[in-house]
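Comments concern the structure below.
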Amino acid sequence: MKKILQLRPLNSRRQFILSSLALMLMARKSALAKEEDVTLRVTPRAQGTAASPHPPRPANGKKIVMIDPGHGGIDSGAVGQEGSEEKHIVLEIANHIRHLLSEHPHIDVRLTRETDHFIPLGERVEIAHQHGADLFMSVHADGFTSPVANGASVFALSNRGASSTMAKYLSEKENAADNVGGVEVATKDRYLQQVLFDLVQTDTIKNSLTLGKHVLNQIRPMHHLHSQHTEQAAFAVLKSPSIPSVLVETSFITNPQEEKLLGTTAFRQKIAGAIANGIVSFFNEYDAGRRMG
């Protein structure tokens with residue numbers, strides 16, 4: 001069965017070779033991780049699922065959407081002036097997204113975490129692969145050094161540097177989440193990762209940018225945007241070689257007005273609705289392209 005990893009089918013010999021190379025490199029990456037004694041901790045929903053970049057598709061043919069509520073447990077994420085913690089807000093937003101998308105018969109939604117516990121960034125990506133996800137969405141409500149920063153943003157992966165100063169700041173801040181949990185990041189496979197990104201991830205990033213565009217188009221009518229287009233930076237949680245992945249900053253929790261907004265059920269439901277509609281719109285474009293192809 002075809003996956004959503006490309007809007008264009010793999011119909012050329014070159015693409016087939018690159019995809020094969022991706023699988024080989026990922027297998028090598030897994031072997032190196034074992035050499036470093038890196039133990040994968042999997043959430044209860046993913047237990048018993050074989051770790052594989054391309055697991056068998058579900059028999060019901062549904063598209064699998066993995067929603068990732070940022071932070072959790074010892075990592076509270078950003079904290080507002082009134083004491084609001086990002087980890088709790090984004091978990092509720094993620095549950096609203098799951099509820100809304102569950103109404104679509106061809107979409108199956110899963111969360112990387114359903115409770116307040118810490119998950120390393122790399123494990124979040126691995127969970128998405130174990131579940132055979134067609135799409136990965138990380139939900140945040142981050143902070144900035146100035147309380148003036150406001151609005152929603154959507155980010156995709158970049159392997160060529162950040163698209164803005166804010167994107168660079170936020171990616172570095174998010175990538176530091178593992179430090180809070182005491183996770184040691186292996187650097188042994190850095191070269192192999194770069195080869196993988198260069199050869200295979202180009203199309204995945206293009207699809208991620210398309211996904212970001214659909215989400216922004218849905219958020220724009222109901223909330224101020226910090227950036228009008230999908231930004232890019234080296235977010236560790238977006239580094240899947242085959243799954244279109246974006247990170248959504250729903251608002252800045254460090255902005256007093258937006259902290260109040262994030263604290264209301266009405267806004268959480270509205271932003272969740274916009275994100276859910278963006279995901280559906282993205283899948284509709286993919287399905288239309290496949291029928292035309």
#### Entry: For Val246 against Ser208, the heavy-atom pair lying closest together
CG1-O, 3.3 Å

### Query
Where do Ala234 and Lys239 come nearest, in terms of heavy atoms and distance?
O-CE, 4.2 Å

### Query
Sub-3.5 Å donor-acceptor pair from the side chain of Asp116 to the main-chain atoms of Gly73, do we have one?
yes

## Note on the structure
dist Asn207:CG -> Ile205:CD1 (nearest 0.5 Å) comes out at 10.5 Å

### Task
Run the salt-bridge test on Lys87 and Asp75 with the 4.0 Å N-O cut-off and return the result as yes or no.
no

### Query
Under a single-linkage definition using a 4.5 Å side-chain heavy-atom cutoff for Ile, Leu, Val, Met, Phe, Trp and Tyr, are Val125 and Val65 assigned to the same hydrophobic cluster?
no

### Message
Run the side-chain contact (heavy atoms from CB on, under 4.5 Å) test against Lys168 and tell me which residues pass, sequence neighbours left out.
### Response
Ala162, Glu172

### Task
Please test Asn95 against Leu111 for side chain to side chain contact (heavy atoms under 4.5 Å, CB included), starting from the C-alpha separation and ending with a verdict.
CA-CA 8 Å; Asn95 277 311; Leu111 304 187; 3.5 Å; yes

### Message
For the CD1 atom of Ile253 and the NE2 atom of His140, what is their distance to the nearest 0.5 Å?
### Response
12.5 Å

### Task
Taking Asp142 for its side chain and Phe252 for its backbone only, find out whether a donor-acceptor pair lies under 3.5 Å.
no

### Message
Between Glu85 (side chain only) and Val79 (backbone N and O only), is there a donor and an acceptor less than 3.5 Å apart?
### Response
no

### Message
So does Ala274 get a backbone contact from the side chain of Gln218, meaning a donor-acceptor N/O pair under 3.5 Å?
### Response
no

### Spatial distance of atom CG (Leu225) from atom CG (Asn217) [nearest 0.5 Å]
9.0 Å

#### Entry: Heavy-atom pair of closest approach, residues His129 and Pro241
NE2-CD, 3.8 Å

### Message
Tell me if the NZ atom of Lys270 is crowded by more than 12 foreign heavy atoms within 6.0 Å.
### Response
no

### Message
Please list all pairs meeting side chain to side chain donor-acceptor pair (under 3.5 Å) that have one or both residues in residues 244-257, counting only residues at least two apart or in different chains.
### Response
His223-Ser251

### Query
To the nearest 0.5 Å, what is the distance between CD1 (Ile97) and CD (Gln269)?
12.0 Å

### Message
If the threshold is 4.0 Å, N to carboxylate O, is there a salt bridge linking Asp134 and Lys63?
### Response
no

## Note on the structure
Of all heavy-atom pairs linking Tyr169 and Gly143, the shortest is CE2-O, 3.7 Å

### Query
Between atom CG of Leu216 and atom NE2 of His229, what is the distance when rounded to the nearest 0.5 Å?
9.0 Å

### Message
Run Met137 and Val215 through side chain to side chain contact (heavy atoms under 4.5 Å, CB included) and show every step you take.
### Response
CA-CA 10 Å; Met137 174 86 62; Val215 173; 3.9 Å; yes

### Query
Hey, would you say the His104 and Phe283 ring centroids sit under 6.0 Å apart?
no

### Query
Can Arg268 and His96 be counted as having a side-chain donor-acceptor contact under 3.5 angstrom?
no

### Any side-chain donor near an acceptor of the partner, Glu174 and His71, under 3.5 Å
yes

### Within-4.5 Å side-chain heavy-atom neighbours: Lys173 and Phe144
no

### Query
Going by distance alone, is a donor N or O of one side chain under 3.5 Å from an acceptor N or O of the other, for Asn150 and His226?
no

### Task
State yes or no: do Ile67 and Val280 share one hydrophobic cluster built from I, L, V, M, F, W and Y residues joined by side-chain heavy-atom distances below 4.5 Å, directly or via other members?
yes

### Query
Do other residues, nucleotides or ligands put more than 12 heavy atoms under 6.0 Å from Glu82 CD?
no

## Note on the structure
In terms of heavy-atom contacts, Ala233 and Ala167 come closest through CB-O, 3.5 Å

#### Entry: Ring geometry between Phe235 and Phe155 (parallel below 30°, tilted from 30 to 60°, perpendicular above 60°)
tilted

### Message
Main chain of Gly72, side chain of Ser76: is a donor-acceptor contact present, judged purely on distance under 3.5 Å?
### Response
no

#### Entry: Atom NE2 of His224 with >12 non-hydrogen neighbours under 6.0 angstrom
yes

### Query
Arg113 side chain to Gly70 main-chain N or O, any donor-acceptor pair under 3.5 Å?
yes

### Query
Would you find a donor on one side and an acceptor on the other, under 3.5 Å apart, between the side chain of Ser84 and the backbone of Gly80?
no

### Query
Is there a donor-acceptor pair closer than 3.5 Å between any side-chain N or O of Glu259 and the backbone N or O of Gln81?
yes

### Query
Are Arg98 and Glu103 within salt-bridge range, i.e. N to O under 4.0 Å?
no

### Message
Tell me whether His106 at atom NE2 has more than 12 heavy atoms from other residues, nucleotides or ligands lying less than 6.0 Å away.
### Response
no

### Task
State whether the side chain of Gln232 and the backbone N or O of Ser163 hold a donor-acceptor pair below 3.5 Å, judged by distance alone.
no

### Query
Taking Ser281 for the side chain and Gly278 for the main chain, is one N or O donor matched with an acceptor at less than 3.5 Å?
no

#### Entry: Min side-chain heavy-atom separation Pro69-Thr112 under 4.5 Å
yes

### Spatial distance of atom CG (Leu157) from atom CG (Leu247) [nearest 0.5 Å]
11.0 Å

### Query
For the residue pair Leu238 and Ala156, what are the closest heavy atoms and their distance?
CD1-C, 3.7 Å

### Query
Are Ile279 and Leu100 joined in one hydrophobic group, where the rule is that I, L, V, M, F, W and Y side chains link up if heavy atoms are under 4.5 Å apart?
no

